[in-house]
Amino acid sequence: KQEVTQIPAALSVPEGENLVLNCSFTDSAIYNLQWFRQDPGKGLTSLLLIQSSQREQTSGRLNASLDKSSGRSTLYIAASQPGDSATYLCAVWGSARQLTFGSGTQLTVLP
Amino acid sequence: DVKVTQSSRYLVKRTGEKVFLECVQDMDHENMFWYRQDPGLGLRLIYFSYDVKMKEKGDIPEGYSVSREKKERFSLILESASTNQTSMYLCASTPGWTGGEQYFGPGTRLTVT
């Protein structure tokens, strides 16, 4: 059964820092990997989708990479801002035709 | 923009009531999902559907049922609500067999008293 792990569980950084969130998964037979953001009490917002054939995707200050063979993905956030404070979740879509989620990284960016 | 809408943002029901949570998506997605999210337990899949009138159990289907009569609408039913079903319920949709970007609704915060 697919398992997704996110490290660290929580992270606090000063505004302006570049940071990296990590995601690992146990079964490399995936179709895609998706990063989400969740604000307290809200639904999930999709940030980036990486297909299994891709190595990375970029959107603004966000860059996500995928190394399928080693079962790893990273989300890089450049020049962090207080508005980036949220929980970040990664999830993989595999042959079970559903997403398997990690438990998330709670990010706090201090002004 | 893909839109996934849920019928209520907040809902308060009494123990034993039958509860309907409705979800509608407007992008002709094949797959639809119901999750619940609880502190410390993360997102857990209740049921999903990959076609009209099709349904599959997720990780925690007990106490729930679903209905998908039309492609755009996926309903979650609590047959007899209990206090341990107090939670945030999230609906999502995604296209195709190999997935694709999954879109979430805003969530329904259900309280059962």
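Model, not experiment: these values are computed from the prediction. Within every chain, numbering begins at 1; the chains are lettered A, B, ... in the order of the sequence lines, protein sequences first and strands thereafter.
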For this session: Flag the one option from A/Leu48, A/Leu89, A/Ile30, A/Leu99 with the top tally of heavy-atom pairs under 4.5 Å to chain B.
Result: A/Leu99

For this session: Quick one: pull up OG in A/Ser24 and CD1 in A/Ile7 and give me the separation to the nearest 0.5 Å.
Result: 6.0 Å

Exercise. Any idea which heavy atoms bring A/Leu110 and A/Ser12 closest together, and the distance?
Worked result: CD1-OG, 3.5 Å

Exercise. Shared ILVMFWY cluster between A/Leu49 and A/Phe101, side chains joined below 4.5 angstrom?
Worked result: no

For this session: Side chain from CB out, backbone as N, CA, C, O: work out which of these in A/Ala91 comes under 4.5 Å of a heavy atom of chain B, or both, or neither.
Result: neither

Short donor-acceptor contacts under 3.5 Å linking chain A with chain B:
unit_1: A/Asn32; atom_1: ND2; unit_2: B/Thr98; atom_2: O; d: 3.2
unit_1: A/Gln34; atom_1: OE1; unit_2: B/Gln102; atom_2: N; d: 3.1
unit_1: A/Gln34; atom_1: NE2; unit_2: B/Gln102; atom_2: O; d: 3.2
unit_1: A/Gln38; atom_1: OE1; unit_2: B/Gln37; atom_2: NE2; d: 2.9
unit_1: A/Gln38; atom_1: NE2; unit_2: B/Gln37; atom_2: OE1; d: 2.8
unit_1: A/Gly43; atom_1: N; unit_2: B/Pro106; atom_2: O; d: 3.4
unit_1: A/Ser46; atom_1: OG; unit_2: B/Glu101; atom_2: OE2; d: 2.6
unit_1: A/Trp93; atom_1: NE1; unit_2: B/Trp97; atom_2: O; d: 3.2
unit_1: A/Arg97; atom_1: NE; unit_2: B/Asn31; atom_2: OD1; d: 3.2
unit_1: A/Arg97; atom_1: NH2; unit_2: B/Asn31; atom_2: OD1; d: 3.2

Listing, residues 74-84 of chain A side-chain donor-acceptor contacts under 3.5 Å, not counting sequence neighbours, or none:
unit_1: A/Thr74; atom_1: OG1; unit_2: A/Ser65; atom_2: OG; d: 2.7
unit_1: A/Tyr76; atom_1: OH; unit_2: A/Asn18; atom_2: ND2; d: 3.4
unit_1: A/Ser80; atom_1: OG; unit_2: A/Glu17; atom_2: N; d: 3.4
unit_1: A/Ser80; atom_1: OG; unit_2: A/Glu17; atom_2: O; d: 2.8
unit_1: A/Asp84; atom_1: OD1; unit_2: A/Arg61; atom_2: NH2; d: 2.8
unit_1: A/Asp84; atom_1: OD2; unit_2: A/Arg61; atom_2: NH1; d: 3.0
unit_1: A/Asp84; atom_1: OD2; unit_2: A/Arg61; atom_2: NH2; d: 3.2
unit_1: A/Asp84; atom_1: OD2; unit_2: A/Gln81; atom_2: N; d: 2.8

Seminar exercise, completed: In terms of heavy-atom contacts, A/Gly43 and B/Leu90 come closest through CA-CD2, 3.8 Å

Exercise. Do you know which two heavy atoms are closest between B/Cys23 and B/Met32, and how far apart they sit?
Worked result: SG-CE, 3.7 Å

Exercise. Just by distance, do the side chain of A/Thr108 and the backbone of A/Ser85 share a donor-acceptor pair under 3.5 Å?
Worked result: no

